[in-house]
Amino acid sequence: MDSTLTRIAHEQAKAMAAKDKLDHDVLGGFASRVHSAGAGRAAENIAYGYDSFPKTLSQWIDSAGHRRNLLLHGASRVGVASVKSATTGRTYWAMEIAGDYARPKLTTGTKQAAVAKPKARTRESCHLKILSICF
């Protein structure tokens with residue numbers, strides 16, 4: 001899970017719910033919205049009407065185009081959000097999938113350059129795992 005992608009997904013779901021409209025471009029073009037994530041490639045799945053993430057994910061898996069996004073080559077981070085429309089009560093979903101992030105930059109030492117180590121992850125329960133990403 002990635003906090004930037006989750007923010008982008010939440011903004012997308014919130015805008016769709018506010019306008020009660022399923023639309024990738026409700027906040028502008030996808031490329032401009034996902035640029036801040038810094039990914040080399042990204043995809044977005046959206047949906048409405050499903051009351052839970054497992055039902056929404058199942059629909060995406062069963063759809064060839066959405067499944068292609070879920071299996072995006074090099075994907076390593078994801079953000080998911082849902083917002084309920086105050087007008088119709090429909091739940092709008094957005095999932096941002098991204099990968100091909102730049103490798104960690106080398107930090108200079110006295111004699112050798114060292115690769116910055118990634119932060120240690122805390123253990124959390126995994127309800128669903130796709131491409132080694134735990135939901």
Side-chain angles (χ1 to χ4, degrees):
M1 292 295 288
D2 181 89
S3 61
T4 300
L5 294 175
T6 299
R7 177 188 50 78
I8 293 166
H10 184 263
E11 289 169 357
Q12 175 68 15
K14 183 178 172 184
M16 291 188 301
K19 293 185 178 183
D20 222 0
K21 182 178 182 182
L22 186 68
D23 182 0
H24 285 282
D25 296 326
V26 72
L27 281 176
F30 174 69
S32 65
R33 290 187 294 107
V34 79
H35 178 75
S36 65
R41 66 177 62 212
E44 175 177 75
N45 284 347
I46 58 174
Y48 76 89
Y50 300 95
D51 61 355
S52 69
F53 180 70
K55 289 178 184 177
T56 305
L57 182 61
S58 178
Q59 180 270 330
W60 285 334
I61 290 170
D62 291 341
S63 161
H66 291 103
R67 184 174 51 252
R68 187 171 38 255
N69 288 345
L70 292 170
L71 299 174
L72 181 70
H73 180 75
S76 59
R77 299 180 192 178
V78 67
V80 180
S82 66
V83 175
K84 190 175 271 196
S85 166
T87 307
T88 63
R90 287 184 188 139
T91 301
Y92 285 83
W93 293 87
M95 173 187 266
E96 314 304 326
I97 305 154
D100 288 349
Y101 289 85
R103 293 181 180 259
K105 293 183 179 180
L106 297 177
T107 56
T108 56
T110 53
K111 293 187 180 183
Q112 290 183 321
V115 176
K117 292 184 180 181
K119 293 179 183 175
R121 289 188 170 189
T122 58
R123 278 203 117 121
E124 52 188 64
S125 63
C126 185
H127 300 288
L128 179 65
K129 198 170 202 173
I130 298 177
L131 298 173
S132 301
I133 300 171
C134 194
F135 294 98

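Here the structure is a predicted model, which is why all the values come from computation and not from measurement. Start at 1 with the first residue, then count along the sequence.
Side chain of Asn45 to backbone of His66: a donor-acceptor contact under 3.5 angstrom is found. Between the side chain of Gln12 and the main chain of Asp23, a donor-acceptor pair closer than 3.5 Å is present. With hydrogens and angles ignored, the 3.5 Å screen pairs a side-chain donor or acceptor of Trp60 with a backbone N or O of Ile46.
Interatomic distance, NZ of Lys14 versus OH of Tyr92, reported as 15.5 Å (0.5 Å rounding). Here Ser52 contributes atom OG and Leu57 contributes atom CG; the two are 9.5 Å apart, rounded to the nearest 0.5 Å.
What you find for Ala39 and Gly99 is that their closest heavy atoms are CB-O, 3.4 Å. In terms of heavy-atom proximity, Asp2 sits nearest to Arg77 at OD1-CD, 3.4 Å. Across every non-hydrogen atom of Ala15 and Leu27, the tightest pair is CB-CG, 3.5 Å. A pairwise comparison of heavy atoms in Gly79 and Ala9 identifies O-CB, 3.7 Å as the closest pair. For Ala81 against Ala13, the heavy-atom pair with the smallest separation is O-CB, 4.0 Å. Of all non-hydrogen atoms in Gln59 and Ala47, the two that sit nearest each other are OE1-CB, 4.0 Å.
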Q: Starting from the C-alpha separation in whole Å, work towards a yes-or-no answer on side chain to side chain donor-acceptor pair (under 3.5 Å) for Asp20 and Thr88.
A: CA-CA 8 Å; Asp20 222 0; Thr88 63; 3.0 Å; yes
Q: I would like to know whether Val80 and Glu96 meet side chain to side chain contact (heavy atoms under 4.5 Å, CB included); could you show each step before the answer?
A: CA-CA 6 Å; Val80 180; Glu96 314 304 326; over 6 Å; no
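A salt bridge links Glu44 with Arg33; the closest basic N to acidic carboxylate O contact falls under 4.0 Å.
Side-chain polar atoms of Arg7 and Ser36 form a donor-acceptor pair below 3.5 angstrom. In the model, Trp93 has a side-chain atom that pairs as donor or acceptor with a side-chain atom of Thr56 under 3.5 Å.
Met16 and Phe30 end up in different hydrophobic clusters when Ile, Leu, Val, Met, Phe, Trp and Tyr side chains are linked at under 4.5 Å. In the hydrophobic clustering of this structure, Ile97 groups with Tyr50; members are Ile, Leu, Val, Met, Phe, Trp, Tyr whose side-chain heavy atoms approach within less than 4.5 Å, directly or through other members. Residues Tyr101 and Ile8 share a single hydrophobic cluster, defined by chaining ILVMFWY side chains whose heavy atoms lie under 4.5 Å apart. Criterion: ILVMFWY side-chain heavy atoms under 4.5 Å apart, direct or through other members. Under it, Val26 and Tyr48 are part of a common hydrophobic cluster. Linking Ile, Leu, Val, Met, Phe, Trp and Tyr whenever their side-chain heavy atoms come within less than 4.5 Å leaves Leu22 and Val83 in two separate clusters.
Partners of Asp51 under the side chain to side chain donor-acceptor pair (under 3.5 Å) rule, at least two apart in sequence or in another chain, are Lys55. Annotation: side chain to side chain contact (heavy atoms under 4.5 Å, CB included) contacts of Thr6 (sequence neighbours excluded): Met1.
Summarising the local packing, CZ of Arg67 is surrounded by more than 12 heavy atoms from other residues, nucleotides or ligands at distances under 6.0 Å.
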